[in-house]
Visitor: 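One structure, as structure tokens, below. Some questions next.
Hydrogens, waters and symmetry mates are skipped; everything else that's a heavy atom, side chains included, is used.
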2 protein chains.
Amino acid sequence: MSLPHAILTALLERPSSGLELTRRFDRSIGYFWSATHQQIYRELGRLERSGRIRALESARPARGRKKEYEVLPAGRAELTGWVSGREDPKPVRDPLLLRMRAAAVVGADGLPDELRRHLALHERQLAEYTDIEARDFTRGAEVSGPDGPTEADRLRHLVLRAGIDLERMWVEWLSEALRETGTATAAPAAPAGPDGV
Amino acid sequence: MSLPHAILTALLERPSSGLELTRRFDRSIGYFWSATHQQIYRELGRLERSGRIRALESARPARGRKKEYEVLPAGRAELTGWVSGREDPKPVRDPLLLRMRAAAVVGADGLPDELRRHLALHERQLAEYTDIEARDFTRGAEVSGPDGPTEADRLRHLVLRAGIDLERMWVEWLSEALRETGTATAAPAAPAGPDGV
DNA sequence: ACACTTTATGCAATCAGTTGCACAAAGTGT
DNA sequence: ACACTTTGTGCAACTGATTGCATAAAGTGT
């Protein structure tokens, strides 16, 4: 149930049309809650019908005509309530880890290649995040006013750092996994003595 | 599309009934792919109909009668194919991060409490994982034969360590987030000079 | 014998997310 | 004038996951 809230947040930051939202989801917000344009349009329709957002009057509604939305008080209230509520972290669901577990049973054929591929993807994502950090969250970047970062700046930076920490974790773990499985399949390590070091 | 493969893996490790599977999913496998008993029963039905598993003959089929399944060659082949295939990591979808982003817009009221709550949950999960590691993956534990850990042991250990690394990352990030938002709401930090260190 | 609890299996409805496609307007090249 | 591309909006069908409920057998206490 997070998509409507993601959209409300984005619209509060700046009123947008469906396509603009879609593009913004491909960048900032979508890093933590991705959505396709179809999902977004459907949700915009629901939010409008339930009185949480409304279309700016400018354009008469017609297919293919740009339609911008803004958040109504009911929408802001809804979002505030959601932020201050409770929601448990969902259990991890990771197909790669599952596949490694299956590989322990049916054999790890071709797994190192897949690990390398994932490593490259996570390295790329990490680089993207650190670029954003360097651009938006270093001393002197435009988001920092003369009084230093605002509360909002600090929160946004924290969110970005969660992404960075997460990607770094995967990069490190995948590197270690490659060290262990890569060498193992290529040349089985000489087993240590039964009770030795 | 991972649930059937998770079930096949579990059944290869040991033939089980639906309820036994459900319990095993609450422990090992479910740490990385959780599932309810309803999902599992439905999937067992599908897997049986498609000839990937079969019920052990012993018990005649009846509601409330235990029914054990074992994997057929077609099931093992299916699993092998899945393991050696490619599958991109899914983009992150984390409601907590989204809520922090929303908090940057509508205010972070009550957020520190929620962060503390999540911190406690992740610390608990981390402790659970490290317990398992101490029990199953230290020199001398029963899974290690006289020749040291097998390839399968090493893979399973890697999967567990991914869980450990992940939880550790959250514990550290949440601690840092609390340090920043906790103090920030209580007493705004004195801003550094505009161009200072 | 009876009610109560535990173990076990399963259906049906719903919901969120994904995929595939269609439609409309405006701009671009020839 | 015409075809082609880009921008923008949207529906419909499907799939996977969740929630709520129903059923059946076996064990337990009185």
Visitor: Please determine whether a side-chain nitrogen or oxygen atom of A/Lys90 lies at a distance below 4.0 Å from atom OP1 or OP2 of D/dA17.
Guide: no

Visitor: From D/dG8, C/dG17, D/dG10, pick the nucleotide closest to the side chain of A/His37?
Guide: D/dG10

Visitor: Would you kindly compare B/Arg23 and A/Ser2 by the position of their nearest DNA chain C nucleotide and give the one closer to the 5′ end?
Guide: B/Arg23

Visitor: Please examine the side chains of B/Arg168 and B/Leu126, heavy atoms only from C-beta on, and report whether any two atoms are closer than 4.5 Å.
Guide: yes

Visitor: Check the distance between D/dT6's C1' and A/Glu20's CD and give it to me in whole angstrom.
Guide: 15 Å

Visitor: Anything under 30° is parallel, anything over 60° is perpendicular, the rest tilted; go ahead and classify A/His157 against A/Phe137.
Guide: parallel

Visitor: Do B/Glu13 and B/Ile29 have side chains that approach each other closer than 4.5 Å (heavy atoms only, starting at C-beta)?
Guide: yes

Visitor: With heavy-atom distances below 4.5 Å as the criterion, would you say the side chains of A/Arg93 and B/Ser34 are in contact?
Guide: yes

Visitor: Ignoring hydrogens and geometry beyond distance, is a side-chain donor-acceptor pair present between B/Tyr31 and B/Glu128 at under 3.5 Å?
Guide: yes

Visitor: When the distance from CG of A/Leu19 to P of C/dA25 is rounded to whole Å, what number comes out?
Guide: 17 Å

Visitor: Could you give the CG-to-C1' distance, from B/Leu47 to D/dG16, as a whole number of Å?
Guide: 14 Å

Visitor: Report the distance from atom CD1 of A/Ile40 to atom P of D/dC11, rounded to the nearest whole Å.
Guide: 15 Å

Visitor: Could you state the CG-P distance from A/Leu21 to D/dG8, rounded to the nearest angstrom?
Guide: 12 Å

Visitor: Output the single nucleotide from D/dT7, D/dG10, C/dA8 whose closest atom is nearest the side chain of B/Tyr41.
Guide: C/dA8

Visitor: Without hydrogens or angle criteria, can the side chains of A/Thr181 and B/Arg154 be said to hold a donor-acceptor pair below 3.5 Å?
Guide: no

Visitor: Whole Å only: how far is the NZ atom of A/Lys67 from the P atom of C/dA24?
Guide: 16 Å

Visitor: Tabulate protein N/O versus nucleotide N/O from nucleotides 12-16 of chain C, keeping only pairs under 3.5 Å, one per line.
Guide:
none

Visitor: Give the nucleotide from the list D/dT7, C/dT19, D/dT19 with an atom nearest to the side chain of B/Thr36.
Guide: D/dT19

Visitor: Calculate the interatomic distance between A/Glu87 atom CD and D/dT18 atom P; express it in whole Å.
Guide: 13 Å

Visitor: With under 30° as parallel and over 60° as perpendicular, where do the rings of A/Trp170 and A/Trp173 fit, or are they tilted in between?
Guide: perpendicular

Visitor: Dot-bracket for DNA chain C: what is it, with Watson-Crick or G-U pairs under 3.5 Å, [ ] where a pair crosses earlier ones, and | for a pair to another strand?
Guide: ||||||||||||||||||||||||||||||

Visitor: Please classify the nucleic acid contact of B/Thr22 as base, sugar-phosphate, or nothing, using heavy-atom distances under 4.0 Å.
Guide: nothing

Visitor: Specify whether A/His118 and A/His122 have parallel, tilted or perpendicular ring planes, treating 30° as the upper limit for parallel and 60° as the lower limit for perpendicular.
Guide: tilted

Visitor: Rounded to whole Å, how long is the line connecting atom CD of B/Glu43 with atom C1' of C/dC11?
Guide: 15 Å

